[in-house]
Amino acid sequence: MNKTFHITTFGCQMNEHDSEILAGMLTNMGYEEVAERKDATVAIINTCSVRDNADKRFFGTLGQLKRRKEDQPDFIVCVCGCMMQQQPIIDTLKTKYPWVDIIFGTHNIHRFPELLNNVLQEKDKEMEIWADGGEIVEGLPAKRLFKSKALVNIMFGCNNFCTYCIVPYTRGRERSRRPEDIVREIQALAVDGVREVMLLGQNVNSYKGVNAGGDKVDFAGLVWLIAEIDGIDRIRFMTSHPKDMSDDLIDAFARCYKLCKNVHLPVQSGSSNILKRMNRHYDRDSYLLLVDKLRKAVPDITISTDIIVGFPGETEEEFQETLDLVAQVRYDSAFTFLYSVRQGTPAADYEDQIPEDVKHERFNRLVELVNSISAEKNAVYDGRIERVLVEGRSKRNSNAFSGRTDGFKLVNFKGEENMVGNFVDVEITEGKTFSLEGRIR
Ligand code: SAH
Ligand code: SF4
Ligand code: F3S
C-alpha cells in the first residue's frame with residue numbers, strides 16, 4: 001500500500017507547529033506528504049477550539065470523510081489538537097463518528113507513531129488523551145513549511161485564564177523548555193538553512209527557563225542567548241501578554257539587532273472595565289503607556305493586536321473606547337474577533353450576552369477603522385528600501401514572490417526561484433491595506 005499523508009490544520013502557530021511535528025514523524029516512518037487529502041492514505045485533522053467557527057469547520061471536514069471511509073476501510077482518519085482536550089467533543093466523536101481511527105490530544109503528540117502502528121497492526125481504534133502535560137518531550141522531528149524560517153516552541157500552556165478563553169483548558173499549565181534544549185534546536189535549524197525563528201508560546205514573556213547550572217533565564221535572557229547563534233539573522237515571537245512586557249525585553253528590542261522590530265500585543269478591548277472582566281491584569285492607561293514606552297525605545301517598531309468585539313456586557317460606550325484606542329495606537333494590523341461563547345470558561349456564564357446583530361454591527365465598524373489605518377500606515381512605505389526574507393511564490397500570483405520585512409509586512413515582488421530562503425532588498429512601490437508591492441533593487 002502506498003504510504004501518503006495529509007494534514008489539515010485549523011489553529012494558531014502552535015497548532016501549526018504540532019502539525020509540522022506530526023509531518024516529521026510520518027516522514028521518518030516512510031510516509032510521503034501529498035497536497036490533497038483525496039490522495040492520502042492517512043488523513044490527520046488538527047483541531048482548534050478557540051472560537052465556535054473552528055469547531056464547525058472541524059465537524060464539516062469530518063463529515064466529508066465519512067463516505068470515503070465507508071468505501072475504503074484502509075483509509076486512516078486521525079483527529080487531534082485542542083478540541084480533543086474537551087470531554088463533550090470526545091463524547092460526540094464516540095457516538096456520532098465511531099469510524100474515526102485515532103484520537104489523541106495536545107499533550108501526547110509524541111505518542112502518534114505508536115498509536116498509528118497499533119492501528120495498522122491490530123486494525124483497531126486508538127484513543128489516548130492526556131489530561132495534562134507531563135515532562136516536556138525533546139527531540140521530536142519537524143517537517144518545516146518554509147526552508148528559511150522555523151517555528152520553535154519555547155513553552156507550553158497558559159496560566160492566565162482570561163475569562164473568555166479556552167486555551168488554558170486545552171493546553172494545560174505553563175511549562176518552559178530548558179534554554180539549552182531551545183538553543184540546541186535552533187543551532188541545528190541554522191545548520192539546516194534556517195535564517196529566522198519564531199519563538200512560540202501563549203505568553204512568551206512569562207518564560208521561566210532554568211539552565212543546567214540551575215540559573216534562571218527569563219524571556220529577554222533567552223532572546224540574547226539565541227542572538228548568539230551563528231546563521232540566525234532574525235528572531236520573532238508570538239505572543240507576549242501586555243501585563244508581562246518587561247523593561248528588559250523593551251531594551252532587547254532597542255539593542256539586539258537580530259530581534260525583529262515588530263510586536264504582537266493583544267489588547268482585546270479599549271475599556272478598562274471590560275479588561276477587568278476579561279481578567280487581563282492591565283487597564284487602558286497602562287496599555288497605552290506600554291505602547292509609548294515601546295515606541296520611545298524603538299521608534300519604527302510595528303505593532304499588531306487582537307481585539308474581541310461584543311464581550312458580555314460590552315456597552316456602546318465601552319465599544320467606543322476600543323475604537324478610540326485603535327485610533328490612538330494606530331496599529332499596523334489587527335486581528336478582530338466576534339466574541340464566541342466557550343463552554344467551561346467563566347464568561348460563558350456571564351449574563352448580558354450581546355446579541356449577534358449588535359456584535360456584527362460593531363465588528364464592521366471596527367474592521368473599517370482598522371483597515372483604513374493599516375492602509376495609511378502601509379502607504380508610508382512607498383519608495384522605501386526594505387530587506388525581505390523571501391518565503392516563496394506568492395499565493396495569489398504565480399509570477400510573483402513574497403516575503404516579510406523585519407517589521408513583518410508581507411511584500412510581493414517579481415523575483416526568481418533562487419531567491420527563496422535568502423534576503424533581498426526590495427524597493428516598495430505601493431503600500432496596500434494588507435501587503436506591500438515592490439521591485440527588486
Ligand atoms: N495567547 C495569546 C492568544 C491566543 S488566542 C494571547 O493571549 O495573546 C488568539 C486570540 O483569539 C486572542 O488574543 C483573542 O483575541 C481571541 N479569542 C480567544 N478566545 C476568544 C473567544 N472566546 N471569542 C473570541 N475571540 C477569542
Ligand atoms: Fe487565552 Fe489569555 Fe492565555 Fe492568551 S493569555 S491563551 S487569551 S487565557
Ligand atoms: Fe486554537 Fe488551541 Fe491554538 S484552541 S488557537 S489551536 S492553542
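Being a predicted model, the structure only gives us computed values, none of them experimental. Whatever order the structure lists ligands and atoms in, that order sets their numbers, starting from 1. Count residues from 1 along the sequence.
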Quick one: nearest non-hydrogen protein atom to [atom], plus distance?
{"atom": "atom 6 (S) of ligand 2", "answer": "Gln202 OE1, 3.5 Å"}
{"atom": "atom 8 (S) of ligand 2", "answer": "Cys162 N, 3.4 Å"}
{"atom": "atom 1 (Fe) of ligand 2", "answer": "Cys165 SG, 2.3 Å"}
{"atom": "atom 5 (S) of ligand 2", "answer": "Asn160 ND2, 3.3 Å"}
{"atom": "atom 7 (S) of ligand 2", "answer": "Tyr164 OH, 3.4 Å"}
{"atom": "atom 3 (Fe) of ligand 2", "answer": "Cys158 SG, 2.3 Å"}

Original post:
Under 6.0 Å between the ring centres of Tyr282 and His241?
Top reply: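 Judged by ring-centre distance (under 6.0 Å), Tyr282 and His241 do meet the cut-off.
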
Original post:
Do Phe112 and Phe104 have ring centres separated by under 6.0 Å?
Top reply: yes

Subject >> Qualifying salt bridge (Lys or Arg N to Asp or Glu O under 4.0 Å) pairs with a residue from residues 252-279, counting only residues at least two apart or across chains >> reply: Asp251-Arg255

**OP:** Please state whether Leu338 comes within less than 4.0 angstrom of ligand 1, counting heavy atoms only.
**Re:**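 The answer is yes: ligand 1 sits under 4.0 Å from a heavy atom of Leu338.
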
Subject >> Within-shell test, Ile308 vs ligand 1, heavy atom, strictly < 4.0 Å >> reply: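 Checking ligand 1 against Ile308, which is what was asked, there is a heavy-atom contact under 4.0 Å.
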
**OP:** Go through the steps to decide whether His6 and Val42 satisfy the test side-chain contact (heavy atoms from CB on, under 4.5 Å), and finish with yes or no.
**Re:** CA-CA 7 Å; His6 181 273; Val42 173; over 6 Å; no

Original post:
Which of the atoms of ligand 2 are close to Phe161, meaning less than 4.0 Å from one of its heavy atoms?
Top reply: 8 (S)

Original post:
Among Cys12, Gly201, Ser340, which residue places a heavy atom closest to atom 22 (N) of ligand 1?
Top reply: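 Looking at heavy atoms only, Ser340 sits closest to atom 22 (N) of ligand 1.
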
Using a 4.0 Å cutoff against the non-hydrogen atoms of [X], which atoms of ligand 1 qualify?
{"X": "Gln268", "value": "12 (C), 13 (O), 14 (C), 15 (O)"}
{"X": "Arg51", "value": "11 (O), 16 (C), 17 (N), 23 (N), 24 (C), 25 (N), 26 (C)"}
{"X": "Val50", "value": "5 (S), 18 (C), 19 (N), 20 (C), 21 (C), 22 (N)"}

Original post:
Are Ser49 and ligand 3 in contact, using a heavy-atom cut-off of under 4.0 Å?
Top reply: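 Contact present.
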
Original post:
So what's near atom 3 (Fe) of ligand 3, protein N, O or S atoms under 2.8 Å?
Top reply: Cys12 SG

Original post:
What do the steps show when you test Lys409 against Asn378 for side-chain hydrogen bond (donor to acceptor under 3.5 Å, both in side chains), and what is the final call?
Top reply: CA-CA 9 Å; Lys409 303 261 181 197; Asn378 285 348; 2.7 Å; yes

Original post:
Can you find a non-hydrogen atom of Arg280 under 4.0 Å from ligand 2?
Top reply: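 Flag set, Arg280 near ligand 2.
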
Would you say ligand 1 has an N or O under 3.5 Å from any N or O of [X]?
{"X": "Arg342", "value": "no"}
{"X": "Tyr164", "value": "yes"}
{"X": "Gln202", "value": "yes"}

**OP:** Check step by step if side-chain contact (heavy atoms from CB on, under 4.5 Å) holds for Val217 and Leu225.
**Re:** CA-CA 10 Å; Val217 177; Leu225 284 177; 4.3 Å; yes

